[in-house]
Engineer: 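Before I ask anything, here is the structure I am working with.
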Protein chains: 2
Amino acid sequence: MKERVSGALESYLEQIADLQQKHGAVRTSDLAERMGCKRSSVTSALQRLSEKGLINYQSYRPVTLTAEGQKTIQALSRYHRILADFLATVLAFPEEFAQQEACRLEHRVSQCTIERMQVYLDFIGHAGKNSAKDFDFGLFKEFVKSKTDKPA
Amino acid sequence: MKERVSGALESYLEQIADLQQKHGAVRTSDLAERMGCKRSSVTSALQRLSEKGLINYQSYRPVTLTAEGQKTIQALSRYHRILADFLATVLAFPEEFAQQEACRLEHRVSQCTIERMQVYLDFIGHAGKNSAKDFDFGLFKEFVKSKTDKPA
DNA sequence: TAATAATGTTAGACAAATCTAATTTTCGCA
DNA sequence: TGCGAAAATTAGATTTGTCTAACATTATTA
């Protein structure tokens, strides 16, 4: 029932959400620049997004997200946050790289894995401090078992 | 200069390598089953792989990897190993899921991130034992700095 | 306000990856 | 050995995402 939207379209959607927040209106040219593609490709993507009911689109008019589009973005941006956090906190990448890589991965890493990254972050007490003494991977396995059932 | 091959073609290539090891010859039908697609799609993929010089292919004949194809596979299977190891060891996923997810991710996660996962595995002394007492994320950052320069 | 520049869309092409249906080749065995 | 089934390929269509070039619309500004 839930029409899954492709990675490329998801990216368009995110850029739209971001531009909407920052500038109110969303223009084809801005999207083209952000996506690193031609304006005509943007138009084509907008038409497909519109057909899927994720954006409000009429020729030559600024674009806005539908409620459906907003919902899609919310899940995605949570995935993005978790990935970026994991990359920066656990793998010790600089923030900028973490953000870029999260952009690429958020469409590809399974929900299951992303959720587990969040559990890992929780476990190492990322909120409290940036280091975790007495970290034990055996303990983490226990922790995981107690918090989740899938995928095993 | 290095013709980058798509994720889908990479998957075909891997299945070819695996089938070659296990059965000597590689048949279209087996590939179709492994890839979960129709035989005609396999034929089309084989033709593209052949054009890129990664396999030896002639109509109605069994397929083999070229030296070039072997090289591609070697890098890929190293990525696969690291990803699966990371998923199982760090994120505590069961081996089977780790393998499946690694299959999906090996074509998508940047080389940089995969290498960093290996560094992380090295750091927590995965080889020695399955737990690391006194693990400190600050220390890991230092460790990373001492081992690598990119991406910052 | 009318010409020009910028912006946006359409038309038409292409490549990747897939499908179904039809055809061709190979193989097993009677 | 030759026939029928299995395997492989081709032909032709579809979808996604992209491009260039041409055209349409909107905006700027002299």
Side-chain angles (χ1 to χ4, degrees), chain A residues 2-16 19-20 22-65 69 72 76 103-108, chain B residues 2-16 19-20 22-65 69 72 76 103-108:
Chain A
K2 52 310 191 59
E3 279 237 35
R4 199 46 182 327
V5 65
S6 78
L9 286 192
E10 275 182 1
S11 295
Y12 278 102
L13 212 57
E14 285 183 289
Q15 297 303 333
I16 291 168
L19 285 167
Q20 191 172 305
K22 287 213 178 87
H23 303 94
V26 178
R27 283 153 63 240
T28 300
S29 313
D30 297 335
L31 273 172
E33 171 154 14
R34 292 269 191 121
M35 298 294 298
C37 71
K38 298 296 173 178
R39 290 196 297 274
S40 57
S41 308
V42 172
T43 300
S44 154
L46 293 179
Q47 289 165 346
R48 273 173 289 139
L49 282 170
S50 176
E51 268 162 31
K52 290 179 194 298
L54 297 168
I55 62 171
N56 302 114
Y57 172 70
Q58 292 170 257
S59 285
Y60 299 104
R61 305 237 89 98
V63 164
T64 53
L65 294 177
T72 303
L76 261 182
C103 281
R104 263 173 266 140
L105 294 181
E106 63 195 353
H107 313 291
R108 336 217 133 160
Chain B
K2 52 308 188 62
E3 278 236 35
R4 203 39 185 331
V5 65
S6 79
L9 285 192
E10 276 182 0
S11 295
Y12 279 103
L13 211 57
E14 286 183 289
Q15 298 303 333
I16 291 168
L19 285 167
Q20 190 171 305
K22 288 212 177 85
H23 303 93
V26 178
R27 283 153 63 239
T28 300
S29 312
D30 297 335
L31 273 173
E33 171 155 12
R34 292 269 191 123
M35 299 293 298
C37 72
K38 299 296 172 180
R39 290 197 294 275
S40 58
S41 308
V42 173
T43 300
S44 154
L46 293 179
Q47 288 164 345
R48 273 173 288 139
L49 283 170
S50 176
E51 269 163 30
K52 291 179 195 296
L54 297 167
I55 61 172
N56 302 115
Y57 172 69
Q58 290 169 259
S59 285
Y60 298 103
R61 306 236 89 99
V63 163
T64 53
L65 294 177
T72 303
L76 260 181
C103 281
R104 264 173 264 140
L105 293 181
E106 64 194 353
H107 313 290
R108 334 217 134 160

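Proteins get letters first, then strands, A, B, ... in listed order; numbering begins at 1 in each.
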Engineer: Expressed as a whole number of angstroms, how long is the span from B/Lys52:NZ to C/dA17:C1'?
Structural biologist: 13 Å
Engineer: Filter on salt bridge (charged side-chain N to carboxylate O under 4.0 Å, His left out), then keep only pairs touching residues 23-34 of chain B, sequence neighbours left out; what's left?
Structural biologist: B/Asp18-B/Arg34, B/Arg27-B/Asp30
Engineer: Counting only side-chain nitrogens and oxygens, does A/Ser41 get under 4.0 Å of the OP1 or OP2 atom of D/dG17?
Structural biologist: no
Engineer: Taking only N/O atoms, report every protein-nucleotides 7-9 of chain D pair under 3.5 Å with atom names and distance.
Structural biologist:
| unit_1 | atom_1 | unit_2 | atom_2 | d |
| --- | --- | --- | --- | --- |
| D/dA8 | OP1 | B/Thr28 | N | 3.3 |
| D/dA8 | OP2 | B/Ser29 | N | 2.7 |
| D/dA8 | OP2 | B/Ser29 | OG | 2.2 |
| D/dA8 | N7 | B/Arg39 | NE | 3.4 |
| D/dT9 | OP1 | B/Tyr57 | OH | 2.5 |
| D/dT9 | OP1 | B/Tyr60 | N | 3.0 |
| D/dT9 | OP2 | B/Thr28 | OG1 | 3.2 |
| D/dT9 | OP2 | B/Thr43 | OG1 | 3.0 |
| D/dT9 | O4' | B/Tyr60 | OH | 3.3 |

Engineer: Are the side chain of B/Gln20 and the backbone of B/Leu65 linked by a donor-acceptor contact shorter than 3.5 Å?
Structural biologist: yes
Engineer: Please report the distance, rounded to the nearest Å, between CG in B/Leu49 and P in C/dA16.
Structural biologist: 11 Å
Engineer: Please report the distance, rounded to the nearest Å, between CD in B/Glu10 and C1' in C/dA17.
Structural biologist: 15 Å
Engineer: Which donor-acceptor pairs under 3.5 Å do side chains of residues 39-47 of chain A form with protein atoms, sequence neighbours excluded?
Structural biologist:
| unit_1 | atom_1 | unit_2 | atom_2 | d |
| --- | --- | --- | --- | --- |
| A/Thr43 | OG1 | A/Arg39 | O | 3.3 |
| A/Ser44 | OG | A/Arg48 | NH2 | 3.2 |

Engineer: Would you check, one step at a time, whether the test side-chain contact (heavy atoms from CB on, under 4.5 Å) holds for A/Glu106 with A/Glu10?
Structural biologist: CA-CA 10 Å; A/Glu106 63 195 353; A/Glu10 275 182 1; 5.6 Å; no
Engineer: With side chains defined as the heavy atoms from C-beta onward, is the minimum distance between A/Val26 and A/Pro62 less than 4.5 Å?
Structural biologist: no
Engineer: Could you tell me the separation between the CD atom of B/Glu33 and the P atom of D/dA6, rounded to a whole number of Å?
Structural biologist: 16 Å
Engineer: To the nearest Å, how far apart are B/His107 NE2 and C/dA17 C1'?
Structural biologist: 14 Å
Engineer: Distance from B/Leu49 atom CG to B/Leu54 atom CG, nearest 0.5 Å?
Structural biologist: 6.0 Å
Engineer: For B/Glu51 and C/dC14, what is the distance between atoms CD and C1' respectively, to the nearest whole Å?
Structural biologist: 14 Å
Engineer: Given atom NE2 of A/His23 and atom C1' of C/dT7, what is their separation to the nearest angstrom?
Structural biologist: 16 Å
Engineer: Atom CG of A/Leu13 to atom P of D/dG17: distance rounded to whole Å?
Structural biologist: 12 Å
